[in-house]
Structure formats: structure tokens, C-alpha cells
2 protein chains.
Amino acid sequence: MIMIRPFRPVLDRLTAAGLRPTRQRLALARLLFDSGDRHVTAEQLHQQAVGNGVKVSLATVYNTLNQFTASGLLREVAVDSRRSYFDSNTELHHHFFNQDTEQLIDISGDAVAVSHLPSAPDGTVIDGVDVIIRVRAS
Amino acid sequence: MIMIRPFRPVLDRLTAAGLRPTRQRLALARLLFDSGDRHVTAEQLHQQAVGNGVKVSLATVYNTLNQFTASGLLREVAVDSRRSYFDSNTELHHHFFNQDTEQLIDISGDAVAVSHLPSAPDGTVIDGVDVIIRVRAS
DNA sequence: GTGTTTGCAAAGTGTTTGCAATTTA
DNA sequence: TAAATTGCAAACACTTTGCAAACAC
């Protein structure tokens, strides 16, 4: 099945999220959203931006990733207690995590079924279900 | 169903794992294994040890948690990119993570069924499947 | 006694923050 | 021009490490 994600120019996304489309945010948004689903750390995105001639500081990359996540443009994936990974795919889905290369690979939401979900502890509601399949070189 | 875990004195566990049963390791092992399943951060375990009159440094707690994990006595759970959680239950199971209290709660392995597991990417094998159900106060 | 482990303080890694300068609307 | 954003450097939280003293066998 081919998923067509509603195309949305990055500028629209930013303004819709209430974020001023500054030069840095536009450049980072293009890197994140204009080439399919991506999984990046702040350091990786910063390197890529700088490599593409975008002048942006690492601090701004961190702030931008956090703002994008808070606005729902990105999703944070907890796989490693050392660093944060940000996922440009915000739809329901899961991940393979290659422990050798430290790379994430999407698993579409309906490729995995989590059944018999126990009910949340008293006084709590379910906020999300993360499935991470850890793999390593065979 | 009541699960009886094969009882094993902490001293035996340590020597079986090839770790010298030092005063610090014995004390930490007792805190970790003598009262059911536990989920702790290094800081929490250190505080508890000190609170119980055990003289041990935070650095040793970190080293010990890592050694125990490497020996299979503990399992590390990645839920938060800030700190590491260690789980004294090494059997196959999953977790609720309360995002308000930052506490983990076990979900027994057979309470959740992950079906249709996609096969691992070429050249890799599955090493483990983590299911984390994030909850928050309702 | 010999090799292992500990504790301390220092260093390391990833991330956030204060604030003046710059940019956006 | 007023408010938001940036970049830098400093601060921060968590974790690891080097090394001398203490300990286990």
C-alpha cells in the first residue's frame, strides 16, 4: 500500500503551528519534511544543515526540534538513554532499532498488532503505545 | 496466577555472574532483588542505599548497575532520554510508564501479544521487543 | 601478596538557558 | 518598533573514568 501523505509546504506547516518561518526553521523543516520520513538526532541534523550551507547553531537546532515536537510536527522516540531521536513521521507506527548502526526504521502502524492491551492503572489513561524491535547484525 | 521466581541468595547470584561479592555489591543486590521487581535509576538506588546506612558512592552504584546489566542480572529500560532505568525483572515482559510520576510498572509478558511481527531487515536478527505503554493521570 | 574494587574528583556527553544582538511582522 | 528568535558561552543533568587507597581471595 502506498501512503500519500497530504503535501504541505513547510512554510504553511510552520505558520499553522504558530511558529515564525525564520530562515533557520525553514531550512531545518525542509531537511526534515521534504524527503520522506526521517529519524534524526540534534547533532545529525545540525551536521546536515551545516553541510548544506545553512548557518544555524546547534542550540537553535535543539530548540527547533523541541518546538516542532511540542507543535506536533515531530515525534520523539525513546530508544536510547543517551540521546533523543526525532521522527518526522507523526502517524501511528512503530520502529526497528538497529543496535549496531543506531538507526531507526519505521514499521507501519498496521504491520504490528498489539492485542490484549491491559487497561491502564487506576487513575491513568493511555497516552500512546511504543513498540521498539531491537535488531542487530546477524 | 502467582509467580514463584526461583529463589537465589544474592551472594550466589553475584558469584555465578563472576562478580566478587563485595560489601557494596551485596548491599545493592539485596535492595534490588530481595523485594520483588524493582525499577530504579542510579540516583534512586544510591539514595535508598545511603538512607539504609550503606556506605557506597554514586560512581559505584553506576558501575554496579552496569555490571549487573552486563551479567544479565538486570535489564535496562529505555523510556526517557534523560536517565537510565534498570529493571530487576529480567523475564520477558513489558511496561507502563507513567509520564507524570516517571514510574514504571510491569506488564507480564503474556498480558500483551504483539502479533504480525514483521521480519527483521535484511542482515539483522531480532534481539528483543519492547512495548511501552505511556500513561498519564486521567 | 596480587589482582580487583572502591571513592573521589575530574572529565565527558548530550541538552538547556541567559542574554545581547539580530531578525521578523 | 515591538516582540520573537538567534548564537554564543556558560550552566546543567546524567554518566564515565583515572588513579590512589582499600579490599577480597
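Numbered from 1 within each chain, the chains take letters A, B, ... in sequence-line order.
- The shortest non-hydrogen separation linking A:Leu58 to A:Ala42 is CD1-O, 4.0 Å.
- Note that A:Arg134 lies outside the cation-pi zone of A:Phe96, set by a 6.0 Å cut-off to the ring centre and a 45° limit from the axis.
- When the local axes at the two ends of the helix from C:dG1-D:dC25 to C:dA25-D:dT1 are compared, using 5 base pairs at each end, they differ in direction by 30° after rounding to 10°.
- With a heavy-atom cut-off of 4.0 Å to chain B, the contacted part of DNA chain C has its first and last nucleotide at C:dG3 to C:dC8.
- In this structure, B:Phe86 places its CZ atom 13 Å from P of D:dC14, rounding to the nearest Å.
- To the nearest angstrom, P of D:dT6 lies 9 Å from CG of A:Leu28.
- A donor atom on one side chain and an acceptor atom on the other are not found under 3.5 Å apart for A:Gln24 and A:Thr60.
- Looking at B:Gln48 and B:Arg38, their side chains do bring a donor and an acceptor atom within 3.5 Å of each other.
- Residue A:Arg25 is the one, among A:Arg25 and B:Glu43, whose nearest nucleotide of DNA chain D lies closer to the 5' end (criterion: closest heavy atom).
- Note on B:Ser84: only backbone sugar-phosphate atoms sit closer than 4.0 angstrom, heavy atoms only; bases stay farther off.
- Taken to the nearest 0.5 Å, the CD1 atom of B:Ile126 stands 7.5 Å off from the OG atom of B:Ser119.
- Between B:Leu65 atom CG and D:dT15 atom C1' the separation is 11 Å, expressed in whole Å.
- Of the residues in residues 48-59 of chain A, those with a non-hydrogen atom less than 4.0 angstrom from any atom of DNA chain D are A:Lys55, A:Val56, A:Ser57, A:Ala59.
- Side-chain N/O atoms of A:Ser81 include none lying less than 4.0 angstrom from OP1 or OP2 on D:dT15.
- The closest side-chain donor-acceptor pair between A:His39 and A:Asn89, if any, does not fall under 3.5 angstrom.
- Following rounding to the nearest Å, B:Glu76 (CD) and D:dT15 (C1') show an atom-to-atom distance of 11 Å.
- At a threshold of 4.5 Å between non-hydrogen side-chain atoms, the residues A:Phe86 and A:Asn66 count as touching.
- Straight-line distance from the CG atom of A:Leu14 to the C1' atom of D:dT5: 13 Å, rounded to whole Å.
- Nucleic acid contact class of A:Gln24 (heavy atoms, under 4.0 Å, all strands): sugar-phosphate only.
- The closest side-chain donor-acceptor pair between A:Asp130 and A:His95, if any, does not fall under 3.5 angstrom.
- Between B:Tyr62 and D:dT16 there is no side-chain polar atom (N or O) within less than 4.0 angstrom of OP1 or OP2.
- Contact check on A:Glu91 versus A:Arg75 returns no salt bridge, with no Lys/Arg side-chain nitrogen under 4.0 Å from an Asp/Glu carboxylate oxygen.
- Distances shorter than 4.0 Å separate none of the side-chain N or O atoms of B:Asn63 from OP1 or OP2 on D:dT16.
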**Request:** Check step by step if side chain to side chain donor-acceptor pair (under 3.5 Å) holds for B:His93 and B:Asp87.
**Result:** CA-CA 11 Å; B:His93 69 289; B:Asp87 188 343; 2.8 Å; yes
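- In terms of position along DNA chain C, the nucleotide closest to A:Arg82 lies nearer the 5' end than the nucleotide closest to the other residue of the pair A:Arg82 and A:Thr22.
- A salt bridge links B:Asp127 and A:Arg136; the closest N-O separation between the charged side-chain nitrogens and carboxylate oxygens is under 4.0 Å.
- Note on B:Arg20: a base of the nucleic acid sits closer than 4.0 angstrom, heavy atoms only.
- We find that CZ of B:Arg83 is positioned 13 Å from C1' of D:dT15, with the value rounded to whole Å.
- When atom types are taken as modelled, the side chain of A:Thr69 and the backbone of A:Leu65 share a donor-acceptor pair closer than 3.5 angstrom.
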